[in-house]
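Computed over heavy atoms, backbone and side chain alike; hydrogens, waters and symmetry mates excluded. What you see is a predicted model, and the numbers here were worked out from it, not measured in a lab.
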Amino acid sequence: MSTGKQNYWLFKSEPYIYSIDDLKRDGKTHWEGVRNYQARNFMRDDMRKGDLILYYHSNADPPGVIGIARVAKEAYPDHLSWDNKSNYFDPKSSKENPRWVMVDVEFVEKFDRLIPLAELKRHPDLKEMMVVKPGMRLSIQPVEEKHFKIVHDLGTS
DNA sequence: GCCAACGTTGGC
DNA sequence: GCCAACGTTGGC
């Protein structure tokens with residue numbers, strides 16, 4: 001899957017924990033605390049610097065895509081996983097043998113409006129997009145280029 | 001706040 | 001290696 005060409009992603013974040021406005025303020029952040037193997041493998045194996053990200057607000061009212069971010073640094077060990085004072089501590093991870101990784105993400109743009117999940121579900125050309133599938137909980141998802149472009153257009157037109 | 005869907009853990 | 005119990009996610 002990692003072909004060297006640009007890939008596209010969707011990152012979920014709960015806005016009251018870390019919203020796109022937080023990312024805009026910070027400019028760049030560590031995408032910390034991913035503790036799901038599928039999501040980790042995407043970060044570790046397929047994510048490249050410059051990949052573009054649909055920034056998704058989950059557990060929001062309504063949930064949906066609110067902007068664009070970019071991969072600023074490729075996967076490296078998540079040091080919080082061996083920090084026993086962190087919420088993200090995992091006793092099975094160590095400095096010698098890290099189990100989890102994170103990437104750095106930078107702000108690109110905030111949409112003029114949030115594109116609600118319901119609107120994505122309704123869109124005839126987004127039926128195959130992962131995020132609209134029932135029961136899809138993965139917090140980091142690959143996105144097809146054509147889907148990325150459609151959602152980007154919805155957010156900026 | 002509910003709860004269905006899903007992932008992980010751990011006893012056997 | 002099965003699978004029940006448990007914890008988490010996240011839309012509603």
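Nucleic acid contact class of K133(A) (heavy atoms, under 4.0 Å, all strands): none.
Protein atom OH of Y37(A) is 10 Å distant from nucleotide atom C1' of dG7(B), rounded to whole Å. Between the P atom of dT9(B) and the CZ atom of R35(A) lies a distance of 12 Å, rounded to the nearest Å. If you take CG of L120(A) and P of dG10(C), they are 15 Å apart, rounded to a whole angstrom. Computed from coordinates, the Q38(A) CD to dC6(B) C1' distance equals 11 Å when rounded to whole Å. For the pair L114(A) CG and dG11(C) P, the computed distance is 11 Å after rounding to whole Å. Going from atom CG of N36(A) over to atom P of dG7(C) covers 18 Å, rounded to whole Å. Atom CG of D61(A) and atom C1' of dC2(B) are 15 Å apart (whole Å). Here dG7(B) presents its P atom at 12 Å from CD of Q141(A), a figure rounded to the nearest Å.
Checking dT9(B), dG7(C), dT8(B) against the side-chain heavy atoms of R137(A) singles out dG7(C) as nearest. Taking every side-chain heavy atom of K92(A) into account, dT9(B) is the closest of dT8(B), dT9(B), dG10(C). Distances were taken from every side-chain heavy atom of L117(A) (C-beta onward) to each of dG10(C), dG7(B), dC12(C); the shortest belongs to dC12(C).
Looking only at distances, no side-chain donor or acceptor of H152(A) sits under 3.5 Å from a matching main-chain atom of I68(A). Side-chain N or O atoms of D22(A) include one that pairs as donor or acceptor with a backbone N or O of S19(A) at under 3.5 Å. K49(A) contributes no side-chain N or O that, together with a main-chain N or O of V71(A), makes up a donor-acceptor pair within less than 3.5 Å.
For dT9(C), the OP1/OP2 oxygens have no side-chain nitrogen or oxygen of K12(A) closer than 4.0 Å. Checking the phosphate oxygens (OP1, OP2) of dG11(C), a side-chain nitrogen or oxygen of Y56(A) falls inside 4.0 Å.
A tilted orientation is assigned to the rings of F148(A) and Y8(A), their planes being inclined by 30° to 60°.
Closest-nucleotide positions on DNA chain B for N59(A) and P134(A) were compared, and the one nearer the 5' end corresponds to N59(A).
Within the 6.0 Å centre-distance limit, the rings of W100(A) and Y37(A) are counted as a close aromatic pair.
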